[in-house]
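So the structure is just underneath, and the comments pick up after that.
What you are looking at is a predicted structure, and each value in this text was computed from that prediction instead of being measured. Heavy-atom basis, side chains included; hydrogens, waters and symmetry copies ignored.
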Amino acid sequence: MNRVAITGMGVISAFGQDTASMCLALKQGRSAIGPLAVPFADQLNVKIGAQVPDFDPSAHFSEKQLSLLDRCSQLALAAARQAVAASGLDFRSELGVRTAAIIGCGGGGMVTIDENFRRLYSDGAKRFPPLTIPKMMISAPVSHITMEQGTKGPAFMVASACASANHAIGLAFQMVRSGAVDAALSGGTESAFTLGSLKAWEAMRIMAPDTCRPFSLGRNGLVLGESGAGQGAGRGYTWRDRRLRHDLRRDGHCPAVS
């Protein structure tokens, strides 16, 4: 079994758009939950979430690229770029053939789905843009990461609700440790702050109206968030951190929880 090193990290989150901002916020014990900045807030019963602030897609992608990218793919790509830059690895070399890309996501291109269904049902549109399917597919984030970074090993998404990213990172760890691949890009992405998605979550009656306190006796629900996070992992590289093991077990009771 190989020892597995985390060689680089990247994150776009409600705490900020780099790992330093997130680490500082966690050390200070700050919460990333706040009022949702969405144009349909008056239609919501629960108006809070952990939303990525001031993310400008045009600062990261060309207009042509954006025609292919749902917000969840944008966050994933931006985080992956940070992780790869921090790792110092070049996947366009021979290493790319022996590098996996495994990304977790629970919902896929929810923004694209919501926007196009609104055009169809509300605005009377007769057709969708031709790139709708590539944007909304849950496999889109990992596909774009492999194309941009040059990895050519195993590449797939993991969809297991709130545990998606954890499972993706764990599977990448197992593949590197077993020798199936020499390196892996892994992490997770999610962006579901659309009217349709939020109303569906409200219908479950599990949303907290104020904040998230999962280990408190006074807990009253969950809070949604969005982010993209990436890790580079490999064997025989300079260590930023070391991963020892992970757990894939679930409770076996709830259809919406892993």
Side-chain angles (χ1 to χ4, degrees), residues 9-15 17 19 22 32 49-52 55 57 60-61 65-66 68-84 99-117 131-149 151 153-175 184-198 200-201 204 206 222-233 246-248 250 254-258:
M9 295 180 287
V11 65
I12 306 291
S13 77
F15 284 127
Q17 298 183 28
T19 55
M22 183 169 184
Q51 192 174 20
V52 176
F55 180 75
H60 298 269
F61 309 101
Q65 287 177 306
L66 288 173
L68 283 165
L69 300 174
D70 184 87
R71 185 173 172 88
C72 77
S73 293
Q74 297 170 20
L75 299 178
L77 272 169
R81 289 173 180 175
Q82 293 179 18
V84 172
T99 298
I102 307 172
I103 306 298
C105 184
M110 300 297 291
V111 174
T112 298
I113 294 172
D114 198 77
E115 287 177 349
N116 282 282
F117 282 5
L131 300 177
T132 299
I133 290 296
K135 287 180 69 174
M136 65 184 276
M137 290 174 64
I138 198 168
S139 59
V142 76
S143 296
H144 286 289
I145 287 173
T146 60
M147 289 188 291
E148 181 171 286
Q149 298 299 335
T151 64
F156 55 90
M157 299 290 291
V158 175
S160 48
C162 300
S164 298
N166 184 58
H167 287 173
I169 294 169
L171 289 171
F173 160 71
Q174 286 185 337
M175 293 182 75
L185 284 172
S186 65
T189 186
E190 203 75 70
S191 183
F193 287 132
T194 69
L195 178 58
S197 175
L198 291 170
W201 278 99
M204 293 184 72
I206 59 173
L222 59 82
V223 176
L224 295 184
E226 64 173 357
S227 71
Q231 290 184 347
H246 82 291
D247 198 334
L248 287 172
R250 62 159 294 156
C254 178
V257 176
S258 290

Handout entry: Within-4.5 Å side-chain heavy-atom neighbours: Met22 and Thr19
Key = no
Problem - Set of residues satisfying side-chain contact (heavy atoms from CB on, under 4.5 Å) with respect to Ser73, sequence neighbours excluded - result: Leu69, Ala140, Pro141, His144
Problem - Which residues share a ring-ring contact (aromatic ring centres under 6.0 Å, His included) with Phe193, sequence neighbours left out - result: none
Completion exercise
Those residues at least two apart in sequence (or on a different chain) that pass side-chain contact (heavy atoms from CB on, under 4.5 Å) with Ala83 are none
Problem - For Phe156, all residues meeting ring-ring contact (aromatic ring centres under 6.0 Å, His included), sequence neighbours excluded - result: none
Exercise for the section: Work out which heavy atom in Phe55 is nearest to a heavy atom in Ala78; give both atom names and the distance. Expected result: CE1-CB, 4.3 Å
Practice task
Find the distance between CD (Gln17) and CG (Leu75) and round it off to the nearest 0.5 Å.
Solution key: 9.0 Å
Problem - Interatomic spacing from CD1 in Ile12 to CD in Gln82 - rounded to 0.5 Å - result: 4.5 Å
Handout entry: Residues that Glu226 engages under side-chain hydrogen bond (donor to acceptor under 3.5 Å, both in side chains), provided they are two or more places apart
Key = Arg71, Ser191
Handout entry: Ile102 vs Met175 side-chain heavy atoms within contact, under 4.5 Å
Key = yes
Exercise for the section: Determine the minimum heavy-atom distance between Val223 and Gly49, stating which atoms define it. Expected result: CG1-CA, 3.7 Å
Exercise for the section: Locate the shortest heavy-atom distance separating Val158 from His167; write the atom from each residue and the value. Expected result: CG1-CB, 3.8 Å
Fill in the blank from the handout: Between Ser164 and Cys105, the two heavy atoms sitting closest are CB-N, 3.4 Å
Practice task
Quickly, which of Thr132, Thr194, Asp70 forms a side chain to side chain donor-acceptor pair (under 3.5 Å) with Thr112? Name it, please.
Solution key: Asp70
Completion exercise
Residues at least two apart in sequence or cross-chain that pass side-chain contact (heavy atoms from CB on, under 4.5 Å) with Ala101, listed by chain then number, are Val142, Thr146, Thr151, Ala155
Fill in the blank from the handout: Output for pair (Ile206 CD1, Leu222 CG), nearest 0.5 Å, gives 4.5 Å
Completion exercise
Between Ala79 and Gly230 the two heavy atoms that sit nearest each other are CB-N, 3.9 Å
Problem - Interatomic distance, Leu77 atom CG to His60 atom NE2 [nearest 0.5 angstrom] - result: 10.5 Å
Handout entry: Beyond-backbone contact of Leu224 with Glu190, side-chain heavy atoms, under 4.5 angstrom
Key = no
Exercise for the section: Enter the distance from Lys135:NZ to Ile133:CD1 here, rounded to the nearest 0.5 Å. Expected result: 12.0 Å
Practice task
Check salt bridge (charged side-chain N to carboxylate O under 4.0 Å, His left out) between Glu115 and all other residues, then give those that pass, not counting sequence neighbours.
Solution key: none
Fill in the blank from the handout: Looking only at heavy atoms, the pair that brings Ala168 and Gly187 closest together is CB-O, 3.6 Å
Exercise for the section: Measure the spacing between CD1 of Ile103 and OG of Ser186 and express it to the nearest 0.5 Å. Expected result: 6.5 Å
Practice task
Can you sort out the partners of Ala165 under side-chain contact (heavy atoms from CB on, under 4.5 Å), two or more places apart, ordered by chain and number?
Solution key: none
